[in-house]
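Below is one structure; the comments refer to it alone.
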Amino acid sequence: MTLLAVNELSKYFGGVKAVDGVSFGVDHGEIVGLIGPNGAGKTTCFNLISGLLTPTRGSVSLLGHSLGGLAPYYRSRRGLARTFQNIQLFGGMDVLENVLTGCHQRQEIGAFRALWPGRGVRRAETRAEERARELLALVGLAERADFPADALAYGEQRRLEIARALAQEPRLLMLDEPAAGLNSRETEDLMTLLQELRERGITLLIIEHDMTLIMGLCHRVVVLDHGQVIAAGPPSEIRRDPRVIEAYLGREEDDGDL
Amino acid sequence: MFLQQLLNGLTAGAVYALIALGYTMIYGILGLINFAQGEIYMFGAFVAVLLLGTGQVNFFVAFAAGMAAAAILGVVLERVAFRPLRGSHPLVPLISAIGASIFLQSLALLLFGPNDRPFPIQFNFRTITIAGLPLSSLQGAILVAALGLMVLLLLFVRYTRYGKAIVACALDQDTARLMGINVDRMVALTFLIGSALSGAAGIMMAIYYNATYPRMGLLPGLKAFSAAILGGVGNIPGAILGGVLLGVAESLGAAYVSSGYKDAIAFAILILVLLFRPQGILKGRGD
Amino acid sequence: MLTLKSVQAGYGKLTVLKGISFHVRPGEVVTLIGGNGAGKSTTLRAVSGLLPLWRGVVEFNGADLTRLPPERIVTLGLALVPEGRRIFASLSVTANLELGAFHRRDQRQARRDLEEIRERFPLLKERASQPAGTLSGGEQQILAICRALMSRPRLLMLDEPSMGLAPRMVNQVYKILRELKDEGTTLLLIEQNARAALKLADRGYVLETGRIILDGSAAELREDPEVQRAYLGKGYREVWE
Amino acid sequence: MSAYFLHLAILGGIYIILAISLNLIIGYAGQVSLGHAAFFGIGAYISALTSLYWGFPFLLAALSAILFSGVCGLLLGLPTLRLKEDYLAIVTLGFGVIVDLVFLNLEITGGPDGLAGIPSPRILGLSFRSPVMYLFLTLFMVLLTLALTYRLVHSYHGRALRAIRDHEVTAQVMGINTPAYKVAIFTLAAALAGLAGSLYAHYITFINPESFGLHTSILALCMVVLGGMGSIAGAVVGALALTVLPELLRSFKAYQDLIYGGLLVALLIWRPEGLLGRGKLSLKFISRE
C-alpha cells in the first residue's frame, strides 16, 4: 500500500529548476533512499513534502489524502516527521524536553487542563516522559537526559534529533543526511539504529551520501539529478545503472568535448 | 480646496519619502528598523537652525551643515548602538534602536530646551495663483529640493560603484565580501546617506512649519517607516511612492474625514497594507 | 603559489577539516575531489577567508592569509566562484560583472576588461541589462565565473561549477575552464564531476572526511580505483563492483 | 509604612503585571510589542467607564477590562502575528498611536481631560479605599498573575512556546501549531495588561490619555529588557527597579529619559540577558549558513 505519493513535484527558484517533475512513492514499512549529487534537489524535495516550501507544480499525498496547502504542523499530525541536514535542536532545553516536544501533538492537552493539571494530565505527562526516556534509551542517550541539548557532541545531537522525530510517532520518518559529519564509528552506530527501526516496521525516507548505508539498508533507491528522477529501483539495480554512476562521476562521453 | 489639500499632502509626502529612503536602505542592508531616524531628522533641523541663528552663515551653508551633522550622527549611532549587536536575535538591535531614540530625544531636550524655535530667517515666499489654485512657492521649493535629492540617490545607487556595492551587500554579504567589498564600510556609507537625507527632510519641515523642537522627529519618523513598508521595505522607488501616498492620504483624510485622527491615518493604512499585501505595493526585499 | 599547512576548520562543534596540506603552483590546474561531506567546499571557504581557521596556515605568494578577511584576500589576486553561483539576482548582468572588479584600482582598465568579456561571451552582452536572477542555472554559472575573472585573479578557485547543471551546460562551463587553462590561468577546482575535473586538471588531491588520502597527477588518479571508492562514499567497492 | 512607600509599592505591583504580560510576548512568542500601553489603557478606560456609567462593581469592571483588552489583542494578533518581528513591532506601535488618539478624540472617554472620580473598589462589602488595603488587593493580583504565568511556562504549553522561541520552523515540523500559540499568548498578554490597567484606574481614580501613550509602552519594554527577556523573575525586578529608580533619581528628573535610553543600549551590548535572564533569547546567534 502506498503511504507517500509524490506526483510531478516541481519547484523553480527564478530561472533555476531545483526540482522538476519528480514522482515517486513510498510503501508501508519500506525504506527508500533518495540519493543524487549535490544540488540535485533532494533537500528541496524534503522541504516540499514537509510543507516548508510551496511547490510550483505537483502534489504530495499521504495515505491517498492530498497534503496540498497544509501547513507543516498539520502534515506532522498526519504522520510526517523529519530531521534536518544541519541539526536543529531546541538549544534552550535539555535533552529530555527536546524529545517531549516531539510528543506534543500526541498529547493534546487543553489550555485550562494544562494550567491546573488534574490526574489525567499528570498521567499523560508521565506517559510522555516514559516514552521519551524509552526513545532516548533506544538511541543511546539515556544517560544524557538532563544535559542541555547544546552541550551534546555532534554525533549525539544527530541521534537526539532522530529520537525527537520518533516521539512524533510518525507514519513516515524522513532523515536528511543522518550520517553527515559522523565518523565511521558513529556511522556504524547509526546503521544499527536504523536497522532496529526497520525491524520495528518504521517507514523511512532517507537522503544520504554514504552508499554503504543506503545500499545496506534500503529496499528501494530513487536517484535525483538536476531536479529529475533519473533512476529508481532496488539497490541491486541501482548499483549497476550507468546513469547513476554518470550522475556522480560525470559522463564518459563528456570527455570527447573537452 | 481639494487641489490645495493634494498639494499639502504632496509636500508632506515628499518629506516622508526622504526619511523613508533612509529607513529602507538601512533595513535593506542590515534588516534593522532604525527607530532613531526621526531623531536624526530632528538633529539635522536643530543644527541648521542654530547655525542660522548665529547670523554668521548663509542659508545654503546651514542647510549643508545640517545634513552633514545628521550624517555624522547616523554613522556614530551605527558604530555605538548597532555594530556591537550585529548577528544577535533581530529583536535586540530593534530594542537598541528604541533606546537610542529615547536617548537622543532627551539629549535634545537638555541641549535645546522644550520650546519651539521658529526658523531664524524669513523667506519672502509669494503665493502664486495658477488656474485658481494658490501655489505657495515654499511648497514648490520643498518639492523641487526633495525630488532633486531623490533623483540624486537613485542615480547614485544605480550608476555608481559604491551604489551597486551597497545593493550587493543587501543581497548577499558573503559574496559581496568575495568581490572585495568591505561590508562594514558599506553599512556606514548607508547610514551616512540615509541620515543626510533625513537631516535634509528635518530642515525642510522646520522651514515649512516654522518650528523646531525635540519631539518633532517622532511622528514623521514613524510615518516614514510606515511609508517604507507601504512601498515594500528595501525597495528605493517603493519608499518614495509610499511616502507620497501616505502624505496625500493623510492630508485628504484630515480634510474630509476627521482632523483629530490625522496622525492615525498613516498607521491605519500601514496595518491594512500589512494585512493584505505584506510585501508592500512594490515588491520588497523580504519576499 | 598557494600553500596550505595542516589547516583545521569547521562549524560550531563539527570539525570538518582535520589537518589539510596541499599546494598549487603557478599555471597549474589542481583539483580537489572527494565524496560529499569530505570538506571540499569548507577548504575553499577557509582559503578565501569566509570561514576562520582553527589551526594551520594559508599562504599565497608569500603573504600569510591566515587572519585576513575575504575582502582583503581578493585584492591579493585570489578569487572564488562560490558554490551555488551566488550571483546578485536582482542586479543586472552588467552590474554583477562590474562588482567583480569592485576592489580594483585601475577602473579604466576594468571597463576595458568588461568589454572584452562581453565580446567573448555574447550571452552576457545580449542579457546585459536583465536581472541576473532570470538567467538559467548554466548561464548564471558562466556569469559567476566571468564575475570572478573581472577581478583579474592570479588564482581562480571554483566550487563545484557543474553542480545542478544539465550535461550540455556542464560541457559549456568546462569548455570555458579549458580555455582559461590554455591561457595560463591558475585554477583550483573542486568538483563532484570527477571525470571532467580530472580530465582538465594537471594534479589532484582526494579528500575523505576532512583528510587528504591520496594525491598525484590527474592521469594517475583517473586510473586509481581508490578514487572512485573515496568519491562515491564508503563501501563503494561492495556497491559498484 | 509611609504613605509614599505604599504608593510606590502599589504602582510597582501594577507595573509588575504589565511587565510580565509584555514579557510573555517578548520572551515566549519571540515578538516585540511597542504598543503594549494601549492594552493597559483599554483596560483602564473600560474598567473606569463600566463603573462610572453602569455602576459595575470592581470585580465585574476588572473582568470586563480583562475580556475587552483580550479581545482587542486577539483581533490585532490574529492577522498580524504571521508578520516578521520588526513588522509586528511597527504595527503594534501604530496600534498604540491609534488607540491613544481614540482616547483623545472620543467624547465618552472625556478627551484630553480624561475621566475623574473612578470609584475605589468594594469587594464583598470590604472597601479598598485606603492604600494599605489597595496594596493587599494589588499583591493578590500580582500573585495570581505570577501563579498563572509560572504554571503556563512550566506546562505542556510552555514547552511548546519555548520550542517556538528557539526554532520556529522546527517547532512547526514537530506538529506545534505555531500561529495559534502566538495568537493565544498575545491575547493572554493583552488581557493581563488590561488587568493592570483596571488596577491602575481604580487606584489613581483619575485617568487621561497621557498615561497610556508610547512613553508607557517603552517604559514597560525597558522593564522587561532590564530584568531579562524571557525571565518572569526578571520582569518583576525590572518593574520594581524602574518604579523606584526614578524616585531615587528625582534630582536628576531631567536626565531620566536620557538614562533610560542609554541604559537600554548599554545593557543590550554588555549584558543582553538582562539582570536575571538566562541569555537564551538575546545570545542566540543566527548561523551563517
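Lettering follows sequence order; numbering is per chain, from 1.
Open room surrounds CZ on R78(A); 12 or fewer heavy atoms of other groups in view lie less than 6.0 Å from it. The environment of Y12(A) atom OH is dense: over 12 non-hydrogen atoms of other residues, nucleotides or ligands sit within 6.0 angstrom. Within 6.0 Å of CZ in F68(D) there are 12 or fewer heavy atoms belonging to other residues, nucleotides or ligands. By the 6.0 Å contact criterion, CZ on F13(A) is enclosed, its count of non-hydrogen atoms from other residues, nucleotides or ligands being greater than 12. Within 6.0 Å of the OH atom in Y154(A), the count of heavy atoms belonging to other residues, nucleotides or ligands exceeds 12.
Note that CG of N98(A) is 10.0 Å distant from OG1 of T170(D), once rounded to the nearest 0.5 Å.
Counting heavy-atom pairs under 4.5 Å between each of L89(A), L100(A), L80(A) and chain D puts L100(A) at the top. Among the candidates R77(A), Q168(A), Q105(A), the residue making the largest number of heavy-atom pairs closer than 4.5 Å to chain D is Q168(A).
The shortest distance between side-chain heavy atoms of Y73(A) and I176(D) does not fall below 4.5 Å. Contact annotation: the side chain of R159(D) approaches that of M93(A) to within less than 4.5 Å [non-hydrogen atoms, C-beta and beyond]. Counting only heavy atoms from C-beta outward, the side chains of M174(D) and F90(A) approach each other to under 4.5 Å.
A parallel orientation is assigned to the rings of Y156(D) and H104(A), their planes being inclined by less than 30° (bins at 30° and 60°).
The shortest non-hydrogen separation linking Q172(D) to P72(A) is OE1-CG, 3.0 Å. Taking both residues in full, the closest heavy atoms of T101(A) and A163(D) are given as CG2-CB, 3.7 Å, listed atom of the first, atom of the second, then distance.
For a residue to count as touching a neighbouring chain, one of its non-hydrogen atoms must lie under 4.5 Å from one of that chain's; by this rule E97(A) touches chain D with backbone and side chain alike.
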